[in-house]
Each structure stands twice: as structure tokens, then as C-alpha cells.
Amino acid sequence: KKEGEKKTHIHRRQSYVFLGDAESSHAKLVIFAPMLKLPCFCFRSFRSAPRWIGNVCVWSAWVLGSALVSQAQTTEADSMKSSFFRPTTVEGGAFVGHVLSMDRYQRAWMERAASRGFHLGLRRRTATAPDGYAADYNYPEWSVNLQLTDYSGVKMRKRPSPDWGQAMPVDYSSSPGQVIALAVSFSRPLWRSGSWQMGYALEEGMAFCTRPYAKADNIDNELTGGHWLIHFGASLYGAKRLDRHWSVRGDLAFRHVSNGATYRPNKGLNAVLPTLTVQYDLDENADFPSSAIKMPFARRWFWRAGASMGMRTLIEDWISTQYGTAPSEADYRTEHFQRYAVANVQMDRMFRYARRWATGVGADFFYLPYVQTLKNREAPNGENDKYSPWACGLALKHEAYYGDFSAYVHLGWYLHRRTGRMQTFDETPYYERVGARWHLPMWKGASVHLGIKAHRLKADFTELGFGFEW
């Protein structure tokens, strides 16, 4: 038995060993075994924060190590082979700020909003533009950074009020604890002069919250509804080069984390966090590029068809269990919610008028089977005209490209949508979609995308889909 346990232990260790230039298919499967577990890894909720941090460190080292040695080739005709991510700069910084109260409802139970934290990262300055994209974006910067934000100073507590229905106030304040985020950032300079530059930055990633909503001991935390969250950030920044190696950078940053309506609560944590960063350039010859030389690009029209599957929870379930359920019932202020699947297809007509941009219009068709559940609850004997699992809309669509990746923003208007009593309260006649798309280089025209559909910037569902353009 001991011998068997020893062999099992050795096998588990070997499954994470990089085997160099091994040629066998078995060796390749061993190398990429951790990647096969990634989809389920991201949705596990570890009870032990140290265990999660350890896993994050292992995965971060593996991902960054792979990025440093990987090579990627873009699909543009004028491209040249270059490193996908070879860091030119290491950096670290700190930030202090506060959490925003987005509406009167949140202000009713927010007590304190102080937050602070630090970040560490690797950055690549695109001093050359072999594929044309860097020149089009005025030589941007890419970074991968690990952020630790301490929200333990954020306190929430619902005081006695008839507004809370059957919810009973508790004798303690709730807090989100700490949020650890791993994010990819894109910084685009808008102005340069000598050793100075200014611009904007966008970042996307995944985050882990140490103290999400919990009925037992964190019942008034409506900001973070689960351990695993989606991270988004945007900032205006200014940077100053001090010498050949050292630079400083200041960001007026906004950061948001939420679960994209995949669980409840989903109020989201929104914070303004002014950030100061110190940067060290590994290449002593590195410098801010002085100008951007544009390369020619052939404009074109194209069609895109796509389909996606999404997941969401219901705001109706949250309101019912929070304020309409007696304390004696099992579902009173519960932390367990049913997830519902949704589906949609899209047909778009787009114009790629620049290497980095495409704009167009599209038709969206949605299938919402959860509406039948709402009808059975709210109107079992009638009012069929207020409920339909089918919806459709027309949308303006814009996409920004960089190599094989792009980010999209859609603004649509419903032509038909019937989702019951909460529609006028929780939804709007228009909708938004944001997300990222990977254009598969091995299959011309094919792409996969991950995004969020929202109303008034509040998530409706999170989706994963596939598309094809011609």
C-alpha cells in the first residue's frame, strides 16, 4: 500500500514537469494536463484562502513562464513573427481609494468604504511594430499584473427599517474581505513629449474574494456573491521616465468586480483607486517611441454569424428570499440559487475600415427558457401576453482589433421581449454587450468569444460562443 501511494505521489509530481522537447504524444498530454483542468478550476470555491493563493502562484508561474517562451504569428499579410509576450519592464505599486455607492439602495446599508492595496506586474513596451497594430495604437503597452486589494475597511449593515420586508437586522457589519485579481492590461498613449506620456488603460481578468456573501456570518455583503469574480478596470494615466531604467506612473483607476449574474447577490464592487507605480526597464536602451508610422491596410465588408450559450440567476429569487421569506423558513436569506441557461444567435454586417476597427449593425435572437419558470410563479392562470421565451433586437456593433484578438461593444434595442413583472423594474428597452474575441489562426474566419450582456451596465447573463465570418 505504501509503495502504491509513493508511485501515485511521484506520478502527480511528474504531471506538472516540463518535459522539454519530448516527441511522444504521451509526453505532450502530460505537459498540458493542467490546462485540461482549467475550465473547472476557475469555478471551484476553496474554503481555505492560503490553498487558493498557493494554486494561483503555481498557475501564475506556469502561465507567465509559458508566455515568455511562446511565439505567436498574426494572420495579417504584412506581419512578421515576434514574441507574444516578452516583458521589457517589471513594476510594482500601491493604491488607496474608496468603494462607490452606485444608488440609493446601496447607500442605505453602506457604513464605510475605505480600500487599499498593491500590485506587481510584468510589462511589455511595443517599441517596434512588425504587424502594424502597434503603430496604429501609437505603440501601446501590455502588462500582466497581480493585484491584492484590501476591502476589509468596507463595512455594510442593514439597520432596522420597514424597507427590508421580513429580513431581520443582524448585530454585526459585513465586509468583502480581500480581493486578489490576475489581470491583463492594455495601455494606449494619447500624448507624448520627451520623457512624458499620457493615455488610457483597460484591463480584464479573474478575481477571488475571500469573504463573499454568507448567510451565517456575512449576510449584508451584497457586493460580492461568490469567491470567483470577473475583474474589469479602466484608468487615465501619466508616466515620466527618470533615466534609462527607472520610470514612475500614476493612474486614476476605476475597478469593478462581480460575478456577471452567474450567482447572487450581484451588486458588484466598484472602486476608485488612484495608483502610483514604480517601473524598472530591463533593457537599458528602451525608451518611449517618438512617433508612430502607419502601415497600409485594405478595407473590406464582411458578414459574421454567431451563436452562444449563457448562464444567469434571477433577481426575482434574490428579492423573494431576502425580503419576502420568513426567518423560520429554510430559504430565508439563502446563499443557494438556481442557475438558468440562455441561448442566442447573431447575424452581423460589419465594415473593417481600419486595421484596428470595424463597425456595423446586427440582429440578435434570444431564447430564454427561464421565462416559463417566471410565468408559472407569477401568473399560472393567465397574462400570457407578458411572458415569452423568445426575444429579438437590433444593435449597433463596434470592434477593436489587435492581432488575433479583438474587443467588442454592442448597443441594442429590443424589438420583442416579454419577461414578466420585473421587466419594467430591472430591465430597459435597450441592452449592452461587451466582451473579447479570439480569431482562431488555425481556422480562417472562425472565432470564439466570451462576454456579458447587460441592462444599464448591470449584467443580464454571461455568455460563451462561437462565430464565423466571410
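Each residue takes its place number in the sequence, starting with 1. Worth saying up front: this structure is predicted, and the values here are computed from it rather than measured.
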> Which atom names give the shortest non-hydrogen contact between Thr126 and Pro140, and what distance separates them?
Replying inline: OG1-O, 2.6 Å

>> Tell me which one of Lys453, Arg437, Arg433 satisfies salt bridge (Lys or Arg N to Asp or Glu O under 4.0 Å) with Glu463.
In response: Arg433

> Got a second to check how far Arg188's CZ is from Asp136's CG, nearest 0.5 Å?
Replying inline: 9.0 Å

>> How long is the straight-line distance from OG1 of Thr149 back to CG of Leu273, given to the nearest 0.5 Å?
In response: 6.0 Å

>> Ignoring hydrogens and geometry beyond distance, is a side-chain donor-acceptor pair present between Gln147 and Glu203 at under 3.5 Å?
In response: yes

>> Between Gln197 and Tyr237, do the side chains contain a donor N or O and an acceptor N or O under 3.5 Å apart?
In response: yes

> Is the backbone of Leu457 close enough, under 3.5 Å, to the side chain of Glu432 for a donor and an acceptor to pair up by distance?
Replying inline: yes

>> I'd like to know if the side chain of His227 and the backbone of Cys209 have a donor-acceptor N/O pair within less than 3.5 Å.
In response: yes

> Which pair of non-hydrogen atoms, one from Leu202 and one from Ala234, has the smallest distance, and what is that distance?
Replying inline: CD2-CB, 3.9 Å

> Rounded to the nearest 0.5 Å, what separation is found between the CD1 atom of Ile180 and the OG1 atom of Thr210?
Replying inline: 7.0 Å

>> Checking Arg255 against Thr275 for the side-chain contact (heavy atoms from CB on, under 4.5 Å) test, could you report, in this order, the C-alpha distance in whole Å, the side-chain angles of both residues, the deciding distance, and whether it holds?
In response: CA-CA 11 Å; Arg255 295 193 176 106; Thr275 305; 3.8 Å; yes

> Under the salt bridge (Lys or Arg N to Asp or Glu O under 4.0 Å) criterion, do Arg304 and Glu399 qualify, and how do the steps go?
Replying inline: CA-CA 12 Å; Arg304 177 189 290 133; Glu399 199 148 343; 3.1 Å; yes

> Judged by atom type as modelled, is there a donor-acceptor pair below 3.5 Å linking the side chain of Arg116 to the main-chain atoms of Val96?
Replying inline: no

> So, for Phe466 and Trp443, is the gap between ring centers shorter than 6.0 Å?
Replying inline: no

> So is Arg192 actually on top of Tyr139's ring, under 6.0 Å and inside 45° of the axis?
Replying inline: no

>> Checking Ser187 against Arg249: is there a side-chain donor and acceptor pair closer than 3.5 Å?
In response: yes

> So, His398 versus Thr359: side-chain donor-acceptor pair below 3.5 Å or not?
Replying inline: yes

> Shortest non-hydrogen contact from Pro212 to Asn221?
Replying inline: C-ND2, 3.5 Å

> Checking salt bridge (Lys or Arg N to Asp or Glu O under 4.0 Å) for the pair Lys458/Asp426: CA distance, chi angles, key distance, verdict?
Replying inline: CA-CA 9 Å; Lys458 184 169 61 175; Asp426 191 54; 2.8 Å; yes

>> Checking the side chain of Asp404 only, and the main-chain atoms of Pro441 only, is there a donor and an acceptor separated by less than 3.5 Å?
In response: no

> If you take all heavy atoms of Asp220 and Lys158, which pair is closest and at what distance?
Replying inline: OD2-N, 3.2 Å

>> Is it true that Ser195 and Lys240 share a donor-acceptor pair across their side chains at a distance under 3.5 Å?
In response: yes

>> With no hydrogens and no angle check, just 3.5 Å: does a side-chain donor-acceptor pair link Tyr105 and Glu222?
In response: yes

>> Any donor-acceptor pair under 3.5 Å linking the side-chain atoms of Asp317 with those of Gln338?
In response: no

> Any side-chain donor-acceptor pair under 3.5 Å between Ser258 and His256?
Replying inline: yes

> Rounded to the nearest 0.5 Å, how far does NZ of Lys155 lie from CD of Glu111?
Replying inline: 8.5 Å

> Can the ring centres of Tyr213 and Phe337 be said to be less than 6.0 Å apart?
Replying inline: no

> Is the CE atom of Met422 crowded by more than 12 outside heavy atoms at less than 6.0 Å?
Replying inline: yes

> Taking the six-membered ring for Trp, are Tyr133 and Tyr401 ring centroids under 6.0 Å apart?
Replying inline: no

>> Using 0.5 Å steps for rounding, measure from the OH atom of Tyr137 to the CG atom of Leu190.
In response: 12.5 Å

> Minimum heavy-atom separation for Glu335 to Ala216, with atom names?
Replying inline: OE1-N, 4.4 Å

> Which pair of heavy atoms, one from Leu223 and one from Pro176, lies closest together, and at what distance?
Replying inline: CD1-CG, 4.5 Å

>> Given 3.5 Å as the limit, does a donor-acceptor pair link the side chain of Thr88 with the main chain of Arg125, or not?
In response: yes

